[in-house]
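These notes are about the structure you will find just below.
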2 protein chains.
Amino acid sequence: MLINELSKETGVTPHTIRYYEKFGLIKGKRKADVKSNNYFHYDDEVVYKLELIRDAKAVGFTLSEIKNLIDAWYNKKFTIAKKLAILDEKLVTIDERINQLTEMKKLLSDFKKEVVESDC
Amino acid sequence: MLINELSKETGVTPHTIRYYEKFGLIKGKRKADVKSNNYFHYDDEVVYKLELIRDAKAVGFTLSEIKNLIDAWYNKKFTIAKKLAILDEKLVTIDERINQLTEMKKLLSDFKKEVVESDC
DNA sequence: CACAACATTAGACTATGGTCTATGGTTGTG
DNA sequence: CACAACCATAGACCATAGTCTAATGTTGTG
């Protein structure tokens, strides 16, 4: 599929898709048999990657971290040990973030109680 | 205390403290009885606010959101209802983020299992 | 075939959250 | 009193993650 279709399928604008491509997160291919234009074609793997990017960004990973993750996922040159190292690192980060969020939640809940009780 | 002491106490650089002050997150006071200089003085409330800012930033709140939160905390002009609304909103955000992180954790854990199993 | 809709690249611009530099005045220790 | 260490303001600069514009070529429908 071409960039516009990919954009519609994923909700990521063509601009941002090109930005990600330049960043090395995804890759389109030019068809050798098409000589009249130089359009990039994208497959379902790219769709899945864009969804992964969206999710990973939502939890606060930077594009560089996501690149790392995508390499663990798709780069056949990476050894199993290396892939596991990347995954474990991200899992630790996620746990830390969940802990921080839980603490912040407690802080706000406690303060909320205070505010409610002050109303007497 | 002056800005340098505040910086040492909180680990936030004087530069960033001034940036936060310009942003409206904290406020120093000039002493009326000191005429020879125009130094700002900071009290313990500011120390606490800077710690709150550090924690809130760590969980992904923007400075604008934090400003909001600090207003709920310290702004005496806000009604109790308004304070509770702000707090509830932030609590919802935190829950959403925890859910997203939990999902991402599952995704990575599953993929990790796949990688481990591929090693047979 | 005109013309909209789509494709490409390169480069300028934006917001956020700082960080650094310049300039000039103040305070405290040897 | 020299001089380092400190304070203030203003404005330039940086990275991240886009977003927009310009210039130009291609494709598809009436």
Side-chain angles (χ1 to χ4, degrees), chain A residues 1-43 46-47 49-70 93 97 100, chain B residues 1-43 46-47 49-70 93 97 100:
Chain A
M1 80 188 78
L2 297 180
I3 197 162
N4 217 34
E5 198 185 336
L6 178 63
S7 170
K8 269 162 199 156
E9 195 132 323
T10 57
V12 182
T13 68
H15 247 108
T16 302
I17 291 171
R18 292 205 180 95
Y19 178 73
Y20 288 164
E21 186 152 12
K22 227 171 93 189
F23 199 92
L25 292 172
I26 57 164
K27 243 199 212 93
K29 278 154 218 140
R30 281 179 168 135
K31 305 255 161 157
D33 52 313
V34 178
K35 281 151 211 151
S36 64
N37 69 39
N38 58 348
Y39 294 1
F40 285 107
H41 294 256
Y42 303 90
D43 56 21
V46 175
V47 174
K49 280 183 186 173
L50 287 178
E51 282 162 3
L52 177 65
I53 293 169
R54 188 181 341 90
D55 293 349
K57 267 173 41 62
V59 304
F61 284 125
T62 65
L63 293 189
S64 304
E65 286 171 320
I66 295 168
K67 185 158 165 36
N68 221 258
L69 202 54
I70 284 181
T93 306
R97 254 171 229 174
Q100 285 172 333
Chain B
M1 79 189 79
L2 297 180
I3 198 163
N4 216 34
E5 197 184 337
L6 178 65
S7 171
K8 270 162 199 155
E9 196 132 322
T10 57
V12 182
T13 67
H15 247 108
T16 303
I17 291 172
R18 292 204 181 98
Y19 178 73
Y20 288 163
E21 184 151 14
K22 227 171 93 189
F23 199 91
L25 292 173
I26 57 165
K27 243 200 213 92
K29 277 155 217 137
R30 282 181 166 133
K31 304 256 162 158
D33 53 313
V34 178
K35 282 151 211 152
S36 64
N37 69 40
N38 56 348
Y39 293 1
F40 284 108
H41 294 255
Y42 303 91
D43 56 21
V46 174
V47 173
K49 279 183 185 173
L50 286 177
E51 283 161 4
L52 177 66
I53 293 170
R54 188 182 340 89
D55 293 348
K57 267 173 43 61
V59 304
F61 284 125
T62 65
L63 294 189
S64 304
E65 287 171 321
I66 294 169
K67 184 158 165 33
N68 221 259
L69 202 53
I70 283 182
T93 306
R97 253 171 230 173
Q100 285 173 332

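Bear in mind the structure is a predicted one, so any value in this text is a computation, not a measurement. Numbers restart at 1 for each chain; the letters A, B, ... are given by sequence-line order, proteins then strands.
- When side chains are defined from C-beta on, B:Asn68 does not count as touching B:Phe61, because their heavy atoms never get closer than 4.5 Å.
- In this entry the distance linking CG of A:Asn4 with P of C:dA7 reads 4 Å, nearest Å.
- Nucleotide D:dC6 holds its C1' atom 15 Å from the CZ atom of B:Phe40, rounded to whole Å.
- A straight line from CD of A:Glu21 to P of C:dA7 spans 13 Å, rounded to a whole angstrom.
- In this structure, A:Lys35 places its NZ atom 13 Å from P of D:dT27, rounding to the nearest Å.
- In this model, a donor atom of one side chain and an acceptor atom of the other lie less than 3.5 Å apart for B:Glu21 and B:Tyr42.
- Between the P atom of C:dA15 and the CD atom of B:Glu65 lies a distance of 18 Å, rounded to the nearest Å.
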*asked:* Output one letter per nucleotide in nucleotides 23-30 of chain C: B when a protein non-hydrogen atom lies under 4.0 Å from the base, S when only the sugar-phosphate is that close, - when neither is.
replied: --BBS---

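- Side-chain contact check for A:Leu50 versus A:Glu9: every heavy-atom pair is 4.5 Å or farther apart.
- B:Val46 places none of its side-chain heavy atoms less than 4.5 Å from the side chain of B:Met1.
- Taking atom NZ on A:Lys31 and atom P on C:dT8, their separation rounds to 13 Å, with Å as the unit.
- Atom CD1 in B:Ile3 sits roughly 11 Å away from atom C1' in D:dC6 (whole-Å rounding).
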*For nucleotides 11-23 of chain D, read 5' to 3', which letter fits each nucleotide if B means a protein heavy atom sits under 4.0 Å from the base, S means only the sugar-phosphate is that close, and - means neither?*
------BBSBB--

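- Figure legend: A:Arg30 and A:Phe40 shown as a cation-pi pair, the cationic atom lying under 6.0 angstrom from the six-membered ring centre and within 45 degrees of its axis.
- Side-chain contact between B:Glu65 and B:Thr62 is present, with heavy atoms from C-beta onward closer than 4.5 Å.
- Taking atom CD1 on A:Ile17 and atom P on C:dC6, their separation rounds to 13 Å, with Å as the unit.
- Residues A:Arg97 and A:Gln100 are in side-chain contact: their nearest non-hydrogen atoms beyond the backbone lie under 4.5 Å apart.
- Looking at B:Lys57 and B:Ile66, their side chains come closer than 4.5 Å, going by heavy atoms from C-beta outward.
- When side chains are defined from C-beta on, A:Ile53 counts as touching A:Ile70, because their heavy atoms get closer than 4.5 Å.
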